[in-house]
Amino acid sequence: MESYSRRWFLGAGTAALASVGGLTACGSSGGSGGDGTLTAFVYGDDAAKIQVKSVNRFNASAAAKKAKGSIKLQKVPATDYPAKLRTAMGSPNAPDVFFNWGGGSIKAYREAGQLIDLTDVIASDPVLKSGFLPSVLASGGLDGKNYGVPMRGMQPVILFYNKTVFEEHKLQPPTTWDQLLDINKKLKKANITPFALGGADIWPELMWLEYLVDRIGGPQVFEKIKNGDASAWGDPAVLKAAQTVKELIDDGAFGKGYSSVGYGNGGAPAVFAKGKAAMHLMGSWEYSTQLGKFPDFAKKNLGWCAFPKIEGGAGDIRNVVGNPTNYWSVNARTSNKDAAIAFLRDSASLAYTKELIANGDVPATSNAADLLDASPNPEFAKFQYQMVQQAPAFTLSWDQAVDPNVATPMLTEVNKLFVGKSSPTQFVSALKELK
Amino acid sequence: MSLTQLKGGPRDDAGRPRPTRRNRAGRPSAALAVPGVLFFAFFALAPMVLAFYLSFTKWNGLGDPEPAGLANWRKLLGDDRLTQSLTVTVSLTVVSWAFQTVISLLLGVWAAGRQRNRAVLSAIFFVPFLLSSTAISLLFYALLDPNFGIIHKDTLGTTSGAFLAIVFVGGWQFIPFHTLIYQGGARQIPEVLYQAAAIDGAGRLRQFFSITLPQLRNTATTSSVLMIVGSLTYFETVLILTQGGPGTDTAILPYLMYQAGFKSYDFGYASAVASFLVLAATALSLLMVKLSGFGAMRSTREGM
């Protein structure tokens, strides 16, 4: 234990020193020197290989020479990304261009004056302006202004189901809440858990509330909350959604051990793929997760549908929640704004779109629709593309939409609701306190 | 001592050698401590001072910290989660101490024997300590999966389950280390004591309670101080295994600090928690040293 605590202190000390280095140097010019090389931070998962190619293509292009700049890509290990970005942005080693989730994830940077407002840049540039689906482009902004350019696939949350289990028990994917409850009843009789849920990670639990609040009260309920009105948590739709979650839990819809099941370590996907659970509410990346772990299941037995609508609810069944996509944003302290913006244009290029599609992603670019036949699973890709294209509203995942200092306690409250530590009423009153 | 004795140097009334200038000169010069002191000052003291300073500011990691007076400290003392964290931290410390001490004491005494099988097994028992806490926590996280793991129950979803899981995983990792301490301690016990006891007709159990245990008093103090101070900074296991859950039931102080700092980016408040942790840990170790007589440690061989 001694060695442990020493290591801990060292780590904490280094971190503190690093941040102080950042402190004292604040106000000096940011970016990475005047040699024209710009740094870009990207979330370092498998998909980053597409950004690597994009950077290489840009560095060799005429546009880069014209802007006298080149990009150096830095892959940041995935789980550490938000914290690493925050520390870097407060230091002289801030990236010039960086990956983000839009919305709440960039709010603090905007308030600190660290973001370039891209509204006019996009409006005056035909490549960027007509290059992306408007709803996706808008979701990356704040208060109607654009701060980011879409650069990855769309990630709507979808209700996945196991086709084999559904056929065996003569079930149809639900379109209404009553149908869903009826399916639950039949599945439980057959000793199958209706829904897989990776409750140990908490964010999969949040997806249920996001969709329920949308279907019950419509997208404007969360829109108000997102804009900083904490009293909007008091909307009856939030309470109704929490009660519905409670009913599902009491009814055994998620089975018994869901709080100990993780998504990240493959627990929930395995329960689903092996037929122990019949459905799984998850982001569109579930397809590639299953393709990696249970390829046969992903190719033959994975079915998908929209989250059912709720009778008497205000939300349209076509409404979508999730992460519209990821974005590149530009640091206001960059030494070469022209080069940074020239680089962003590559995300709208045909070559970039094709690479995303080949990777199984569904790009948010407007030219994607005709190219989806080249996807490893054209049927799923088209479903996703249409789902987002036709959505009257695309609600950004709550934990990405609100400020991190609200998101953290919010996730704690969600977890308390799901483990039964707080009742739906307590849940709502705790959320109203969040500021 | 032997040097002055041999040369018939100055002695006090009791005949003990008096310290002389030469004696003192024999100790290493203070300059040799400089690298250690600098290292400690730079990597431990400086960050502590900075954290203390930050605890009086409002800072989200961007721009300059704004002075916030006592706001963070007021918030900390009024925070329900602090009380909960303290309770969890204290119970985790106490339960971990009891669990680890009993097992490592027994294992250590057993391993002190010179038999070859014991040497081999001790080497194997030591392996968990060589793994990183992160690897161990990930391993147990997978083992506790209710569908594919070894316990088909909602272990991490219940308060007691999650708590015991942390105690167990911590024990699994650190028992080998404390076993080693006890093994070393037990090997120091002179064989003659056992021989004398055997002549007096004492059985194994009696020998254990009347010789081994009292002789390991100082070893136990060392091990306990390490365990208790270590428990206060227990972190990776909680982060990976439970994330402070279910709800906030296993959110110990270091986790609270991490959450405030690197999830909510409220570095002012996180620094207040950190400073509080430093104060609490210092007070606790001083108290332990005082109560256990660790500072004035006497030999266990007095009178032999």
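Proteins get letters first, then strands, A, B, ... in listed order; numbering begins at 1 in each.
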Would you call B:L92 and B:I166 a side-chain contact if the rule is heavy atoms closer than 4.5 Å? yes
With a 4.5 angstrom heavy-atom cut-off, which part of A:Q114 approaches chain B: side chain, backbone, both or neither? side chain
Closest-packed option against chain A by number of heavy-atom pairs under 4.5 Å, given B:L241, B:D154, B:N147, B:D266: B:D154
Side chain from CB out, backbone as N, CA, C, O: work out which of these in A:A112 comes under 4.5 Å of a heavy atom of chain B, or both, or neither. side chain
Would A:R86 and A:Y81 count as a cation-pi pair here, with the cationic atom under 6.0 angstrom from the ring centre and within 45° of the axis? no
For the candidates B:P246, B:G245, B:G61, B:G261, which exhibits the highest count of non-hydrogen atom pairs separated by less than 4.5 Å from chain A? B:P246
What part of A:F418 gets closer than 4.5 Å to chain B, counting heavy atoms only: side chain, backbone, both or neither? neither
Checking side chain to side chain donor-acceptor pair (under 3.5 Å) against B:S264, which of A:T408, A:D403, A:N405 comes through? A:T408
Between A:G420, A:A270, A:G262, who has the most heavy-atom pairs with chain B when the cutoff is under 4.5 Å? A:A270
Ring of B:F148, cation from A:K276 - is the NZ or CZ under 6.0 Å from the centre and inside 45° of the axis? yes
Pick from A:T412, A:V271, A:L417: which one has the most heavy-atom pairs with chain B under 4.5 Å? A:V271
Within this structure, what is the CD-OG distance for the pair A:E413 and A:S422, rounded to the nearest 0.5 Å? 5.5 Å
Select one option (side chain, backbone, both, neither) describing which atoms of B:N60 are under 4.5 Å from chain A's heavy atoms. both
Assess A:K274 against A:F294: is NZ or CZ under 6.0 Å from the centre of the six-membered ring, and within 45 degrees of the ring's axis? no
Looking only at A:G113, A:A200, A:G267, most heavy-atom pairs under 4.5 Å shared with chain B are made by A:A200
Would you say that A:D399 contacts A:L411 through its side chain, given a criterion of any heavy-atom pair below 4.5 Å between the two side chains? yes
Could you look at A:D201 and say if it's the side chain, the backbone, both or neither that has a heavy atom under 4.5 Å from chain B? both
